[in-house]
Amino acid sequence: MNKKIKIQFPDGDQREYSKGITPGEIVNQISKGLAKNTIVSKFNDELHDLNRPLEDDGKLLFIGYDDAEGLETYWHSTSHIMAHAIKELFPDAKFGFGPAIENGFYYDIELDKAITPDDLDSIENKMQEIIDRDNIFIRKILNKDEALKLFDEKNEKYKVEHISDLNNRLSIYKEGEFVDLCSGPHVPSTNYIKYFKLLNIAGAYWKGDESRPMLQRIYGISFPKKKQLDDFLEKLEEAKKRDHRKLGKELDLFTINDEIGAGLILWHPKGALMRKIIEDFWRDAHLKRDYELVFTPHIARLNLWDKSGHLDFFAENMFAPLDMENVKYQIKPMNCPFHLAIYKSQTRSYKDLPIRWAELGTVYRYERSGVLHGLMRVRGFTQDDAHVFCRQDQLQQEILNCLDITTFVLHSFGFDKYEVYLSTRPEKFVGTEENWDKATTALKNALEEFNLDYEIDPGEGVFYGPKIDIKIKDVLERSWQCSTIQVDFNEPERFNITFRGQDGFDHQPIMIHRALMGSLERFFGVLIEHYGGAFPIWLSPLQVVVLPITDNQHEYAKEIELQLKKADIRVKIDDRNEKIGYKIREAELQKIPYMLVIGDAEVNNKKVAVRKRREGDQGAFDLTTFIERISSEIENKSE
RNA sequence: GCCACCAUAGCUCAGAUGGUAGAGCAACUGAUUUGUAAUCAGUCGGUCGCGGGUUCGACUCCUGCUGGUGGCUCCA
């Protein structure tokens, strides 16, 4: 009757227990300390509730709060408690999905009444009540019919629909009076949830499908320790402070204007100056790497876009055509057809390849109004675009070159952490499987030769070719899609571009599209957030501000300004009739890298009193020493 | 595009239950000549996003647009 099971632990230790013992009981026997930090277990590599009995021999591992899977369980249980609270407050609520996500959890709810921020408070209060009840999470297995019956009785139509898609053996969890369909696992009881907060309310389509009903989604977060919650909320605050839309206004970099149009950016002088610096750097980097620059128009005849295929697969992202003298023109959403036209302007030899053409090409795309977001998602933007035309035997080297220039440029802007994805052939594709395989192998080899860690996104390539996407991680560990390197089998075919081979026959070159920063607008937005507006000195629109203390130092201040200008340093004098503290405060808020405070002492000693942004007074220096110092900082692109 | 919320001076925001608006900062003028994150005083500044409607009367209520925010969907 009282059967024994053999449990093996990660340290190799093996013990016997009565069948039906729970991982929770085991961990309590092993060590109170370990038990205290354990939230869930893993039995034979599957997550397993602490109070779910063990029926067989196997390997057992305890998972703590600091483990990603532990936190996931924690969040998932919190989302159940939230649903329970909502059900108690709004008995008509019907539930969709309620998973743990990267940072916290959500639950999708159908409810006639719109949930307001005030409701979140009462839901939180109710959640605390449920937590205080310390209900145990009880797992139960049902077959499909039982589950359908149960949730049908509860009028949970979304659960019923979901059950229909599932296997026959289903688990449900009960906690107090609240029952939910769930594969688990959960924390042992509701009281395990200590600190939580509901963050925001949003709409979300059932099963992410636009054609299905829209549910209300509540996002939340929870942690076992108060400090963790506080840190998390602080990080959200920090992100808010760095918001490029806020900083863009405060630093007078750019605006978006109602009358101009949504998603269209006005670059103010300071932003435009930064853009010029970025562009100059970019052009320079390309010329040094044997790219050539081209310029192309903003519109072209509509036929071009028919030929390129964009009307077939990109039409919904294009602005409507213009009609002039019975000819239709299209504002360009892409630059590639123009580069192809340049390619075709003469016969190309195998000796000409590779050809590398780069353009800061401004494109316009119709994005649905709801997706627009500051500089990150706009309707008019400038791609740092380039197209490489090469032979098959050159492909891998060209990809390698692309990776090299990409990482060089990203690194120069202070981005050292990337997430790299290789997207392979999707179900619908053009070109031959053989070419796809060759190109994918070339991309893969290049990534490996370049020593970049990457993940494969199977089937996520665009229909015209495989691609490498590089997401950069900013200082807050958020990732942004900027760079992309894409092989294209479509357009060379459609435009029938060729080169004359050594064998005297015409061959089709391979075309690579690539963008490093992606769009200047988005990249600028990422830069603003990455640096929180405190740009490294080489990018700062204003590098030095001279702050005379009284009118008496104006002459000397002008002399300093002149010397700095001679050294190509961007400098201004703040000669307003204000106290020095006021001028400093303003310069700090404008995040100007260096302030030179000039009083009588500096005039008399021929010095400058250097104040560094955020760091404060650095003491007095000779002007030449100061110029040398910051010139080298500018040269080295250091912060 | 969809769901929810929001739109008051250049900026940040206040303005129960309908009676044509107020602060701080900025700007301007003056005083002050100041030593490392806000000197003082005065002045100017708003058809309350735009268009309809209800009402004797609308910033306030209803409605349609436009734009924004948080998400969803989409994202070459």
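All values below were derived from every heavy atom in this structure, side-chain atoms included, with hydrogens, water molecules and symmetry-related copies excluded. Below, chains carry the letters A, B, ... as their sequence lines are ordered, and counting in each starts from 1.
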**OP:** Could you tell me which nucleotide pairs with rC25(B) by Watson-Crick or G-U wobble geometry, both distances under 3.5 Å, or answer none if nothing does?
**Re:**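 WC or wobble partner is rG10(B).
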Subject >> Watson-Crick or G-U counterpart of rA16(B), or none if no pair lies under 3.5 Å >> reply: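 Because no pair has both required distances under 3.5 Å, rA16(B) counts as unpaired.
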Looking only at atom [atom1], what distance separates [N] and [M], rounded to whole Å?
{"N": "rG46(B)", "M": "rA27(B)", "atom1": "C1'", "value": "15 Å"}
{"N": "rG52(B)", "M": "rA58(B)", "atom1": "C1'", "value": "13 Å"}
{"N": "rC50(B)", "M": "rU33(B)", "atom1": "P", "value": "46 Å"}
{"N": "rC56(B)", "M": "rG22(B)", "atom1": "C1'", "value": "27 Å"}

Answer yes or no: does a side-chain N or O of [X] lie under 4.0 Å from OP1 or OP2 of [N]?
{"X": "Tyr366(A)", "N": "rG1(B)", "value": "yes"}
{"X": "His373(A)", "N": "rG68(B)", "value": "no"}
{"X": "Tyr106(A)", "N": "rG70(B)", "value": "no"}
{"X": "Arg245(A)", "N": "rU69(B)", "value": "yes"}
{"X": "Thr484(A)", "N": "rA76(B)", "value": "no"}
{"X": "Lys249(A)", "N": "rU12(B)", "value": "yes"}

Base of [N], side chain of [X] - is there a donor-acceptor contact under 3.5 Å?
{"X": "Arg368(A)", "N": "rU73(B)", "answer": "yes"}
{"X": "Tyr205(A)", "N": "rG1(B)", "answer": "yes"}
{"X": "Asp551(A)", "N": "rU33(B)", "answer": "yes"}
{"X": "Glu602(A)", "N": "rG35(B)", "answer": "yes"}
{"X": "Arg377(A)", "N": "rC74(B)", "answer": "yes"}

Base, sugar-phosphate or nothing for [X]? Non-hydrogen atoms, less than 4.0 Å.
{"X": "Ile549(A)", "value": "base"}
{"X": "Asp600(A)", "value": "base"}
{"X": "Ala515(A)", "value": "nothing"}
{"X": "Gln481(A)", "value": "nothing"}
{"X": "Ala601(A)", "value": "base"}
{"X": "Gly581(A)", "value": "sugar-phosphate"}
{"X": "Gly370(A)", "value": "base"}

**OP:** Measure from the side chain of Arg585(A), starting at C-beta and using heavy atoms only, and say which of rA76(B), rA38(B), rG71(B) lies closest.
**Re:**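 Between rA76(B), rA38(B), rG71(B), the one nearest the side chain of Arg585(A) would be rA38(B).
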**OP:** Please determine, for the side chain of Val371(A), which listed nucleotide (rA37(B), rC72(B), rG35(B)) has the closest atom?
**Re:**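 In terms of side-chain proximity for Val371(A), the closest of rA37(B), rC72(B), rG35(B) is rC72(B).
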Original post:
What distance separates Arg576(A) CZ from Glu586(A) CD, expressed to the nearest 0.5 Å?
Top reply: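 Rounded to the nearest 0.5 Å, the CZ-CD separation comes to 4.5 Å.
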What protein N or O atoms touch nucleotides 23-31 of chain B N or O atoms at under 3.5 angstrom, if any, and at what distances?
unit_1	atom_1	unit_2	atom_2	d
rA26(B)	OP1	Tyr582(A)	OH	2.9

Subject >> Whole-Å distance separating the CD atom of Glu367(A) from the C1' atom of rU73(B) >> reply: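 The distance from CD of Glu367(A) to C1' of rU73(B) comes to 12 Å, rounded to the nearest Å.
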Subject >> Nucleotide rA4(B), atom P - distance to CG of Leu120(A) in whole Å >> reply: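 Checked: the CG to P distance equals 15 Å.
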Report each atom pair, protein N/O against N/O of nucleotides 41-45 of chain B, whose distance is under 3.5 angstrom.
none

Subject >> Salt bridge flag under 4.0 Å for residues Glu161(A) and Lys157(A) >> reply: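 Looking at Lys157(A) together with Glu161(A), the answer is no, because their closest N to O distance does not fall below 4.0 Å.
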**OP:** Using a strict cut-off of less than 4.0 Å between a Lys/Arg side-chain nitrogen and an Asp/Glu carboxylate oxygen, indicate whether Glu521(A) and Arg365(A) qualify as a salt bridge.
**Re:**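 The answer is no: the pair does not qualify as a salt bridge.
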Original post:
Do the side chains of Ile528(A) and Leu375(A) get nearer than 4.5 Å, heavy atoms only?
Top reply: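 SC-SC contact between Leu375(A) and Ile528(A) confirmed.
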Original post:
Taking the side chain as C-beta and beyond, is there a heavy-atom pair between Pro117(A) and Ile201(A) under 4.5 Å?
Top reply: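 Yes - at least one pair of side-chain heavy atoms lies under 4.5 Å apart.
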Original post:
Closer to the 5' end of RNA chain B via nearest nucleotide, is it Ser369(A) or Gly261(A)?
Top reply: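 Counting from the 5' end, the first nearest nucleotide belongs to Ser369(A).
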Original post:
Where each residue is assigned the nucleotide of RNA chain B containing its nearest heavy atom, which of Ala204(A) and Asp258(A) is assigned the position nearer the 5′ end?
Top reply: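 In this pair, the answer is Asp258(A).
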